[in-house]
Student: 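To start, I am sharing the structure in question, which I have written as structure tokens.
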2 protein chains.
Amino acid sequence: MVNNHSIPEPCCTLDISGADQKRLVAMFKALGNPIRFEIMKFLVTHPGCITADIVDYLPIAQATTSQHLRVLREVGLIEGVVDGPAINYHLNEETVCWFRSNIELIF
Amino acid sequence: MVNNHSIPEPCCTLDISGADQKRLVAMFKALGNPIRFEIMKFLVTHPGCITADIVDYLPIAQATTSQHLRVLREVGLIEGVVDGPAINYHLNEETVCWFRSNIELIF
DNA sequence: TACAATCATCGTATATTTACGATATAATGT
DNA sequence: ACATTATATCGTAAATATACGATGATTGTA
């Protein structure tokens, strides 16, 4: 399959690449799961709630919820603050801000 | 694991649910793949290019590229316009707009 | 110290995604 | 009609994601 026409010239440049792009894609991936999206929504409306609250709210097991929380933590979208034996979760506003501004670079 | 404290009151409401939420999550999922994100970037800078251009640009096979294009098409982020034997691809501006405004509902 | 509560991690089964070569389809040109 | 070009789809193998129960780790309390 040979392609005998030329690629159109780029009409513009895009200021995202490398590690930033990788991070952005990882965030999209994290948000591209119904359960994790639901967790994000729950944390927006219930900032500072603990894992057990999220477990109660979701239709899945505690172990699975913990895994999803880890994914969201790893991309930096949420943060957990130790509070005795529990953990208070909330959005990481700085990361969310970064996310929003990087999306605007493309769309 | 019994949870003897009460869930904090919601501090706000979120105006996304149902089919819209499902669609938004599907878009996040589509963008949460490095190859598909690269395709989106390429289409921003090279609107109207054909599949063969994208195949040339990417380090993967034609069949795989076609699959990724289908995913992006199915969530409505891109559109293909038949042009003889080839297909001109470009972003669906309306969908991108929808995507941006729905993200703003949450973040 | 023992126990209960909260959460994370381990091991593992199943489902989904990603990738490829081979093949089918559709349009164009000879 | 036949070959060529461009793309999509099929079948399938390998990798990754998702889910669960069981277990481990940590904190607070009796």
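A quick note: this is a predicted structure, and the numbers were derived from the prediction, not measured. Lettering follows sequence order; numbering is per chain, from 1.
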Student: State whether the side chain of B:Ser66 and the backbone N or O of B:Gln62 hold a donor-acceptor pair below 3.5 Å, judged by distance alone.
Tutor: no

Student: Measure CD1/B:Ile87 against C1'/D:dT7 and give the value in whole Å, please.
Tutor: 6 Å

Student: Nearest to the side chain of B:Ala52 - C:dC7, D:dT7, C:dC20?
Tutor: D:dT7

Student: Mind listing the N/O atom pairs, protein and nucleotides 22-27 of chain D, below 3.5 Å?
Tutor:
none

Student: I need the single residue from B:Leu105, B:Val75, B:Asn102 that forms a side chain to side chain contact (heavy atoms under 4.5 Å, CB included) with B:Leu24. Which is it?
Tutor: B:Asn102

Student: Identify, with sequence neighbours excluded, every residue that meets side chain to side chain contact (heavy atoms under 4.5 Å, CB included) alongside A:Val44.
Tutor: A:Leu91, B:Cys12, B:Leu14, B:Ile106

Student: In terms of hydrophobic clustering (I, L, V, M, F, W, Y; side-chain heavy atoms under 4.5 Å; direct or indirect links), are A:Phe37 and A:Val71 co-clustered?
Tutor: no

Student: Is the shortest side-chain N/O distance from B:Tyr89 to OP1 or OP2 of D:dA6 below 4.0 Å?
Tutor: no

Student: Atom CD1 of B:Ile78 and atom C1' of D:dA8: how far apart are they, to the nearest Å?
Tutor: 13 Å

Student: Nearest-Å distance, CG (A:Leu72) to C1' (D:dT18)?
Tutor: 14 Å

Student: Nearest-Å distance, CD1 (B:Ile39) to P (D:dT7)?
Tutor: 13 Å

Student: Grab the CD1-C1' distance between B:Ile50 and D:dT7 for me, whole Å please.
Tutor: 10 Å

Student: Can a donor-acceptor pair be found, under 3.5 Å and without considering hydrogens, that links the side chain of B:Asp53 to the backbone of B:Ile50?
Tutor: yes

Student: Between A:Phe107 and B:Met40, is any pair of side-chain heavy atoms under 4.5 Å apart?
Tutor: yes

Student: Given atom CG of A:Leu69 and atom C1' of C:dC7, what is their separation to the nearest angstrom?
Tutor: 10 Å

Student: Verify the ring-centre separation between B:Phe42 and B:Tyr89: is it less than 6.0 angstrom?
Tutor: no

Student: Any side-chain N or O of B:Arg70 below 4.0 angstrom from OP1/OP2 of D:dT7?
Tutor: no

Student: Using only atom types and a distance under 3.5 Å, with no angle test, would you say the side chain of B:Arg36 pairs donor to acceptor with the backbone of B:Leu31?
Tutor: no

Student: Within a 6.0 Å radius of atom CG on B:Asp83, are there more than 12 heavy atoms belonging to other residues, nucleotides or ligands?
Tutor: yes

Student: Between A:Thr51 and C:dC7, is there a side-chain N or O to OP1/OP2 distance below 4.0 Å?
Tutor: yes

Student: Between N or O atoms, less than 3.5 Å apart, protein on one side and nucleotides 15-18 of chain C on the other: list the pairs.
Tutor:
residue: C:dT17; atom: OP1; partner: B:Lys29; partner atom: NZ; Å: 2.2
residue: C:dT18; atom: OP1; partner: B:Asn33; partner atom: ND2; Å: 2.9
residue: C:dT18; atom: OP2; partner: B:Arg36; partner atom: NH1; Å: 3.1
residue: C:dT18; atom: OP2; partner: B:Arg36; partner atom: NH2; Å: 3.4

